[in-house]
Amino acid sequence: MDKVYLTWWQVDRAVFALADELRKHFMPDVIVGVARGGLIPAVRLSHILGDLEVKVIDVKFYKDIEERMEKPVITIPLHGSLEGKKVVIVDDVSDTGKTLEIVIEEVKKAGAKEVKVACLSMKPWTKVVPDFYVFRTDKWIVFPWEEFPVVVRE
Ligand code: 5GP
């Protein structure tokens, strides 16, 4: 799969753009950052929006040998209640959308009054189109906080 490389500058501009739209359309009480990729944008967004509370959740997909399906496992559950809160879930990218599907369910279970999703990026085939996003690509995105893959010629 082709790769696209995002720079810190692009990501920071994207987070500011998301913050602007959130202020206009859905000022949240709490940000839920999805580990790991959503954490840096979530913290940045929290500072830009005026020190909003950030909660963390992590979901991993493990192969279920019996059924040959990927089973989501919440490895870091949400801590505390979100009763009556307006919550924005923040992730780096919605690819299949499976992660966000689970996270939305968990946020609702925790009592959130309203839930929206903000991502830096989405893939055209995702089943969860974020309410707010900046980039749309069918390529593999390399974020600035990730290792840049090196091609070693043998
Ligand atoms: P999902 O398929 O559940 O929507 O995406 C799960 C996770 O896979 C994302 O939160 C992200 O961490 C990772 N992921 C999916 N597509 C990409 C991509 O293009 N680049 C990077 N760096 N991570 C991705």
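Counting convention: from 1, in listed order, for ligands and their atoms alike.
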K.L.:
When you measure from atom 19 (O) of ligand 1 to each heavy atom in Lys123, Lys139, Lys60, Arg36, which option holds the nearest one?
P.N.:
Lys123
K.L.:
Among all protein heavy atoms, pick the one closest to atom 12 (O) of ligand 1 and tell me residue, atom and distance.
P.N.:
Asp92 OD2, 3.4 Å
K.L.:
With nothing but distance in play, are any N or O atoms of Gly97 less than 3.5 Å from an N or O of ligand 1?
P.N.:
yes
K.L.:
What protein heavy atom lies closest to atom 2 (O) of ligand 1? Include the residue and the distance to one decimal.
P.N.:
Thr96 OG1, 2.6 Å
K.L.:
Once you restrict to heavy atoms under 4.0 Å, what part of Asp91 touches ligand 1? Side chain, backbone, both or neither.
P.N.:
side chain
K.L.:
Quick test of your reading of the model: are Glu21 and Lys24 salt-bridged, counting only N-O distances below 4.0 Å?
P.N.:
yes
K.L.:
Between Asp92 and Trp145, what is the shortest heavy-atom contact and its length?
P.N.:
CB-CZ2, 4.3 Å
K.L.:
Specify the protein heavy atom at minimum distance from atom 20 (N) of ligand 1: its residue, its atom name, and the distance to 0.1 Å.
P.N.:
Ile141 O, 2.7 Å
K.L.:
Assess Lys116 against Phe132: is NZ or CZ under 6.0 Å from the centre of the six-membered ring, and within 45 degrees of the ring's axis?
P.N.:
no
K.L.:
Hydrophobic clusters here meaning ILVMFWY residues chained together by side-chain heavy-atom distances under 4.5 Å, can you tell me if Val93 and Val15 are in one?
P.N.:
yes
K.L.:
Need the ligand 1 atom indices (1-based, order shown) with element for anything under 4.0 Å from a heavy-atom of Val93.
P.N.:
9 (C), 10 (O), 11 (C), 14 (N), 15 (C), 16 (N), 17 (C), 24 (C)
K.L.:
Provide, to 0.1 Å, the distance between atom 6 (C) of ligand 1 and the closest protein heavy atom, together with that atom's residue and name.
P.N.:
Thr99 OG1, 3.2 Å
K.L.:
For atom 24 (C) of ligand 1, which protein heavy atom lies nearest, and how many Å away is it?
P.N.:
Trp140 CH2, 3.3 Å
K.L.:
Among all protein heavy atoms, pick out the one at the shortest distance from atom 16 (N) of ligand 1; state its residue, atom name and that distance to 0.1 Å.
P.N.:
Asp95 OD2, 2.7 Å
K.L.:
Look at the side-chain heavy atoms of Ile, Leu, Val, Met, Phe, Trp and Tyr, link any pair under 4.5 Å apart, and say whether Leu82 and Leu100 land in one connected group.
P.N.:
yes
K.L.:
Taking Glu106 first and then Lys109, would you say they form a salt bridge - that is, a charged N and a carboxylate O separated by under 4.0 Å?
P.N.:
yes
K.L.:
Are any of the side-chain heavy atoms of Leu18 and Val90 separated by less than 4.5 Å?
P.N.:
no
K.L.:
Assigning hydrophobic clusters by single linkage (Ile, Leu, Val, Met, Phe, Trp, Tyr; side-chain heavy-atom cutoff under 4.5 Å), is Val117 placed with Ile102?
P.N.:
yes
K.L.:
Could you list the atoms of ligand 1 found under 4.0 angstrom from a heavy atom of Phe143?
P.N.:
21 (C), 22 (N)
